[in-house]
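Shown next, in structure tokens, is the structure this report addresses.
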Number of protein chains: 2
Amino acid sequence: MARWEPGTADRLRTAALELFEEKGFSATTVPDIVGRAGLTQRTFFRHFSDKREVFFGDDEIPRIATRMIEGAPPEVEPLSLITAGLRALAGSRFEPRRNQMRVARRIIEAEPALRERDLLKQADLRDAIRAGLEGRGVDPLDARVFAGLGVELIQIALERWLQDPEGGSLVSHLDAVQDSIRAAFGSAATRSG
Amino acid sequence: MARWEPGTADRLRTAALELFEEKGFSATTVPDIVGRAGLTQRTFFRHFSDKREVFFGDDEIPRIATRMIEGAPPEVEPLSLITAGLRALAGSRFEPRRNQMRVARRIIEAEPALRERDLLKQADLRDAIRAGLEGRGVDPLDARVFAGLGVELIQIALERWLQDPEGGSLVSHLDAVQDSIRAAFGSAATRSG
DNA sequence: GTCTATATCGCGATAGAC
DNA sequence: GTCTATCGCGATATAGAC
């Protein structure tokens, strides 16, 4: 694909992230970015549908999730599938990037426009999981619930991991959150509360 | 404050929703909207911070949630608080508006920009619940988990209620989703999957 | 209320890669 | 030649400043 300049998108992303750090997200204009990258505005918008997209990857996480779910043996239960998948993602994609993620998270939290986009990415992951589980024959409601809870699980664990002053591992936070979930909704507590 | 036209925001919202139905959200411009409402663009942006906000209420749901949580007797458990609160919201805010919500939902689902905003509103509710529970002394992780699961619960129930061809009540869907959650994560199933 | 910066997208032309 | 990434120009809408 990169027949022309192998790293056009990367150059744009690098320039953009530098500028976001220097001047903040909203104070950085697309002309600023393309100026630094030595490209034109039109090129920027061919690589990124909007300025916020610079922040987020190529939606590889939902694709990885889909592949994991499709590739697992049919007898694996949904909960195991999800917890195992999240652990694999934690080890391969998140744990090695802790510092980058901390920086990115700080900028995202400060900017409602970026929070929105981040939430949309979470929703995409949720839907990938849901569709994958349905494809394995899981009941649609249960698939939706597993997906929703799975994404909340990883999300809460990520939040706490990135803030953890003790430097605990993401996996240990996943364990803690999962325990909390089980305690919260797992009992036979009354429904009509 | 509404010294001149008591219903300015309403007139703008009505005109906007009509146009969204007629031409679609992105094909409708703010000049279109203010033209139909007989107002100026400046007035539009004084009432709505952006075009998408027309779709969403005044953030009254998180405020209601905060009030409910703060007003409950201290001995009420978080899960009861949440399920009771959701039932109250269901009866007072959602059930009476089923048809409007169906129409809105269809437009929102079709437009990524609106899905983003919708997800942000959900996040606001989540944070209101989380803060309310923390204010009652609930452990921060547990508060975050209750809030996250509570919002997933109402959200999934809403999705299914709005699509339900049988016309089941929102409360019955809340029950079903809660059962599914309990079954999904409630068992002592292995964590390391 | 008016004015303006900025994001976004369409179109036609170009130019290196195969 | 045929692709396709890039460019240059231009149009329009949003959103915020004055």
Side-chain angles (χ1 to χ4, degrees), chain A residues 1-56 58-59 107-108 110-118 120-121, chain B residues 1-5 8-9 11-56 58-59 107-108 110-121:
Chain A
M1 56 174 72
R3 229 181 301 186
W4 217 192
E5 294 281 342
T8 307
D10 272 341
R11 262 168 51 216
L12 286 166
R13 174 174 281 118
T14 302
L17 292 177
E18 283 172 14
L19 285 160
F20 292 162
E21 282 248 81
E22 290 169 22
K23 326 178 14 173
F25 174 79
S26 56
T28 301
T29 69
V30 175
D32 290 341
I33 297 168
V34 299
R36 182 166 298 198
L39 294 164
T40 70
Q41 206 161 337
R42 200 66 191 78
T43 303
F44 178 90
F45 284 110
R46 226 174 292 96
H47 284 278
F48 304 100
S49 56
D50 63 40
K51 206 173 78 176
R52 289 176 277 164
E53 276 298 308
V54 172
F55 251 91
F56 302 93
D58 324 19
D59 304 322
I107 304 177
I108 291 171
E111 197 78 37
L114 291 172
R115 283 191 64 214
E116 283 191 348
R117 182 58 49 88
D118 186 49
L120 189 62
K121 300 298 185 185
Chain B
M1 53 180 64
R3 229 182 307 181
W4 295 124
E5 300 280 344
T8 308
R11 263 169 50 218
L12 285 165
R13 174 174 283 118
T14 301
L17 292 177
E18 284 172 15
L19 285 161
F20 293 162
E21 282 246 81
E22 289 168 24
K23 326 178 12 171
F25 175 79
S26 56
T28 301
T29 70
V30 175
D32 290 341
I33 297 167
V34 300
R36 181 167 298 198
L39 295 165
T40 70
Q41 207 159 334
R42 184 71 180 77
T43 306
F44 178 91
F45 284 109
R46 240 184 295 107
H47 285 277
F48 304 101
S49 58
D50 63 41
K51 205 173 79 175
R52 290 176 278 165
E53 278 297 310
V54 172
F55 253 93
F56 302 92
D58 325 19
D59 302 324
I107 305 177
I108 290 172
E111 197 76 38
L114 291 171
R115 284 191 64 215
E116 282 191 350
R117 184 54 53 85
D118 186 50
L119 291 163
L120 189 61
K121 300 298 185 186

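Numbered from 1 within each chain, the chains take letters A, B, ... in sequence-line order.
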(message) Holding to ring-ring contact (aromatic ring centres under 6.0 Å, His included), I want the full list of residues that pass it with B:Phe55, two or more places apart in sequence or in another chain.
(response) B:Phe20
(request) Using a 4.0 Å heavy-atom cut-off across all strands, classify B:Thr43 as base, sugar-phosphate, or nothing. (result) nothing
(request) May I ask you to evaluate whether A:His47 reaches the phosphate of D:dA5, defined as a side-chain N or O under 4.0 Å from OP1 or OP2? (result) no
(request) Pick out which of B:Leu114, B:Ile108, B:Asp118 makes a side-chain contact (heavy atoms from CB on, under 4.5 Å) with B:Arg52. (result) B:Leu114
(message) Generate the contact string for nucleotides 8-14 of chain D. Rules: B means base contact, S means sugar-phosphate contact only, - means no protein heavy atom under 4.0 Å.
(response) BB---SB
(request) Quick one: pull up CZ in A:Arg13 and CZ in A:Phe56 and give me the separation to the nearest 0.5 Å. (result) 10.5 Å
(request) Find the distance B:Leu39:CG to C:dG1:C1' and express it as a whole number of Å. (result) 13 Å
(request) Please name all residues satisfying side chain to side chain donor-acceptor pair (under 3.5 Å) with A:Glu18, sequence neighbours left out, ordered by chain then number. (result) A:Arg36
(message) I'd like to know if the side chain of B:Asp32 reaches the main chain of B:Gly35, judged simply by a donor and an acceptor atom lying under 3.5 Å from each other, with no hydrogens or angles considered.
(response) no
(message) In this structure, how many angstroms lie between the P atom of D:dA15 and the CG atom of B:Leu12, rounded?
(response) 14 Å
(request) Figure out the CD/P separation between A:Glu53 and C:dA7, and round it to whole Å. (result) 15 Å
(message) Output the rounded distance in Å from CZ (A:Phe44) to C1' (D:dA5).
(response) 16 Å
(message) Test your reading of the model: is there a side-chain donor-acceptor pair from A:Lys51 to the backbone of A:Phe25, 3.5 Å cut-off?
(response) yes
